[in-house]
Amino acid sequence: MGLRISEKILRGILIVLILLSIVFSYNIWLAPTNRTPNVNSNTQTINNLEQNYAKATDSYLPIRGIWDLDGQKFQTNSENLLATAQARLTEADYGELSIVAQGEAEMQNYYQVNRGMELNYEGQFSLAEYLKVFDIPINIDNFDQPNRIRFNKIQIDFENNHIRFLNYARQTVYQGDITFSTNTLQDIYENNQSRFIPMTEENQIIPRLLQTEGNIRLKRYNYILTTQSYSLFRNAFFREPVGAKGQENEQGVQSFVSGQEELILNDDQRTVDFSGELPKDVQSDSIYAQTFGYVSRLGTGVGNLRYFDREGGQITYRTFVEGYPIFSESDKGKMVVTIGDAQNDEAKSVAIQMSMDTVQVPIPSDEEIELSSSLEMENQLVYAGLDIDKVESYIIGYTWSDVDGANRLVSLTPEWYVKYDGNWFAASQLMASVTEVSNGF
């Protein structure tokens, strides 16, 4: 009897949360997506265009940090702790950078430090953009092409008072002096030990990636699904949103056009596709600055979008939950921005693909999932017949899946993800379909 009452109470709470989500979405965006009031109107009020902008310090925050203390290594994905560490670096004084290692043999000496801290990006990031975004007072004008320097890892060496930027693709290490109190960084670990995962250098398959010491327990989350209206994307992507004229066809596809810009929203597939030309004032900027303008104007409407990876002219941003990226077979929780080269005297092109769906309202849960250690996961890949030399990276991510029998409810389950032969896959997917590896996530 008590169990039935508890189930009824839980069901009632869930219904209330869903209703609140709908009400909030309506109030914020004026109209739900299944209603399109006069999409041809070019006089509809554009509300709050100067509010709710995403910050570059949030979108370009490193995705994981490692503290190397007294021979032990600890990793955290906590956004709060990483932001705090980044703020401490802003307060330091720095010397001029120089190249101290080139080539694999020399670079191997800098993969790890005995005492220090590391901040890691998954994809390469621009050094010039990093210094500008986080207000780090390092002058790099002594290099011939400073705006072309990129890196994957920031390394703070407590023993030698050095800061280093490591670029794995070019096998190059940039180093400079740093002057500050190392206690300000050590205290972040000492005061938050429960938010760190023990790591080890033993049995490394990829030299730059540490192994977890053991299995990992992380929470499974349930979220209420939120579908954003067309106005959010129109206001964020068009240079002049008021002038974008729209129409809706019989298949429920809405489109907006203004000059060379076009936005297509498919209500059935919940997809967003935008194409156009880059504004003139950002044509000469880095690809990171060019793409961030679109991310910034989305604000928090599609969750916590952060830079994840880069392939040529394509930047991938992902929604992060509790410091971990979301993956989905239908590309939910993902924003891909592609910058095309200018042809003749024409402007550079931009193309954006993402989903109208996002997760914003969490439902409390104490359920935990135990993941195998990273070494065991890699061994399972080998046993399944995969070529371990094609494994480029791995990370814990949250898998987006709809909850059966529960409308507008999403489950986020932690699992290992592997970058294999250039694409991201769930480790379980790789092992289950060795002969059918396709395009990844």
Side-chain angles (χ1 to χ4, degrees), residues 28-29 46-63 79 82-83 86-87 90 121-136 147 226 228-244 256 258 261 263 265 272-310 313-321 325-326 331-340 347-360:
I28 294 172
W29 305 117
I46 308 299
N47 292 310
N48 299 324
L49 283 181
E50 297 182 357
Q51 299 181 12
N52 197 31
Y53 275 36
K55 297 178 180 179
T57 50
D58 294 334
S59 296
Y60 288 118
L61 188 69
I63 65 172
E79 291 158 340
L82 294 174
Q86 192 61 71
T90 301
Y121 287 94
E122 189 56 51
Q124 290 186 357
F125 190 40
S126 161
L127 178 56
E129 289 295 333
Y130 169 78
L131 300 178
K132 180 171 65 176
V133 167
F134 293 103
D135 195 23
I136 303 295
N147 291 329
T226 301
Q228 300 296 354
S229 80
Y230 71 87
S231 61
L232 172 66
F233 305 102
R234 180 197 61 185
N235 296 351
F237 297 160
F238 282 95
R239 282 175 284 182
E240 297 182 3
V242 176
F256 294 85
S258 177
E261 299 173 315
L263 175 66
L265 304 103
V272 178
D273 290 275
F274 174 80
S275 60
E277 293 181 346
L278 276 178
K280 293 181 180 179
D281 59 343
V282 299
Q283 288 283 329
S284 59
D285 289 351
S286 74
I287 189 173
Y288 306 94
Q290 290 170 342
T291 58
F292 176 69
Y294 299 97
V295 175
S296 176
R297 290 189 292 273
L298 285 171
T300 56
V302 292
N304 181 20
L305 276 176
R306 293 170 60 188
Y307 169 60
F308 184 73
D309 208 352
R310 174 186 176 179
Q314 186 176 90
I315 298 285
T316 298
Y317 296 87
R318 289 188 183 273
T319 302
F320 277 63
V321 172
I326 289 178
D331 287 341
K332 297 183 189 297
K334 176 181 176 181
M335 177 180 180
V336 177
V337 188
T338 305
I339 305 298
K348 292 181 179 180
S349 63
V350 58
I352 301 173
Q353 292 82 39
M354 61 187 307
S355 173
M356 300 168 67
D357 291 339
T358 187
V359 289
Q360 289 187 324

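None of the values given here were measured: they were computed from a predicted structure.
- In this structure, T316 has no side chain to side chain donor-acceptor pair (under 3.5 Å) partners at least two apart in sequence or on a different chain.
- For K55, the side-chain contact (heavy atoms from CB on, under 4.5 Å) criterion is met by T57, D58, not counting sequence neighbours.
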One pair to check against side chain to side chain contact (heavy atoms under 4.5 Å, CB included): K334 and F308. What are the steps and the verdict?
CA-CA 10 Å; K334 176 181 176 181; F308 184 73; over 6 Å; no

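- Listed here is the closest heavy atom pair of A54 and V295: CB-O, 4.0 Å.
- Not counting sequence neighbours, Y317 has no partner by the ring pair (Phe, Tyr, Trp, His ring centres under 6.0 Å) test.
- Applying the side chain to side chain donor-acceptor pair (under 3.5 Å) test to Q283 and every residue at least two apart in sequence or in another chain returns nothing.
- Evaluation of the side-chain contact (heavy atoms from CB on, under 4.5 Å) rule for N304 yields E79, R306, F320 as partners, not counting sequence neighbours.
- Under the side chain to side chain donor-acceptor pair (under 3.5 Å) criterion, S258 pairs with no residue, sequence neighbours left out.
- Each salt bridge (Lys or Arg N to Asp or Glu O under 4.0 Å) pair with one or both residues in residues 122-133, not counting sequence neighbours, appears once here: R64-E122, E129-K132.
- For F134, the ring pair (Phe, Tyr, Trp, His ring centres under 6.0 Å) test picks out Y130, with sequence neighbours left out.
- Counting only heavy atoms from C-beta outward, the side chains of I326 and R318 never approach each other to under 4.5 Å.
- Of all non-hydrogen atoms in L298 and A236, the two that sit nearest each other are CD2-CB, 3.7 Å.
- To the nearest 0.5 Å, the span separating OG1 on T291 from CD1 on I339 amounts to 6.5 Å.
- The shortest heavy-atom contact between S355 and D357 is OG-N, 3.0 Å.
- By the side-chain contact (heavy atoms from CB on, under 4.5 Å) test, S349 is found to be paired with no residue, residues two or more places apart in sequence or in another chain being considered.
- Summarising the geometry, atom CE belonging to M354 is positioned 5.5 Å from atom CG belonging to L305; distances are rounded to the nearest 0.5 Å.
- R234 forms no cation-pi arrangement with F237, by the criterion of a distance under 6.0 Å to the ring centre and an angle within 45° of the ring axis.
- Between I352 and V272 there is no side-chain heavy-atom pair separated by less than 4.5 Å.
- D331 places none of its side-chain heavy atoms less than 4.5 Å from the side chain of V336.
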Yes or no on side chain to side chain contact (heavy atoms under 4.5 Å, CB included) for F292 and V337, after CA distance, side-chain angles and deciding distance?
CA-CA 9 Å; F292 176 69; V337 188; over 6 Å; no

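- In this structure, Q353 CD and S275 OG are separated by 9.0 Å, a value rounded to the nearest 0.5 Å.
- The ring pair (Phe, Tyr, Trp, His ring centres under 6.0 Å) check on Y288 picks up F125, Y307, with sequence neighbours excluded.
- Partners of E277 under the salt bridge (Lys or Arg N to Asp or Glu O under 4.0 Å) rule, at least two apart in sequence or in another chain, do not exist in this structure.
- Rounded to the nearest 0.5 angstrom, Y121 OH and D309 CG are separated by 13.5 Å.
- Of the possible donor and acceptor atoms, none in the side chain of R310 sits under 3.5 Å from a partner among the backbone N and O of I315.
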Go through I136 and Q86 one step at a time and tell me if the side chain to side chain contact (heavy atoms under 4.5 Å, CB included) criterion holds.
CA-CA 9 Å; I136 303 295; Q86 192 61 71; 3.8 Å; yes

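- Annotation: side chain of V302 is not in contact with side chain of M335 (no heavy-atom distance under 4.5 Å).
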Evaluate R239 against K280 for side chain to side chain contact (heavy atoms under 4.5 Å, CB included), listing each step before the verdict.
CA-CA 11 Å; R239 282 175 284 182; K280 293 181 180 179; 5.5 Å; no

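- A search for side-chain contact (heavy atoms from CB on, under 4.5 Å) contacts involving T300 returns N52, not counting sequence neighbours.
- Expressed to the nearest 0.5 Å, how far CZ of F238 lies from CZ of F274 amounts to 5.5 Å.
- Nearest approach of G301 to T358, heavy atoms of both residues: O-CG2, 3.6 Å.
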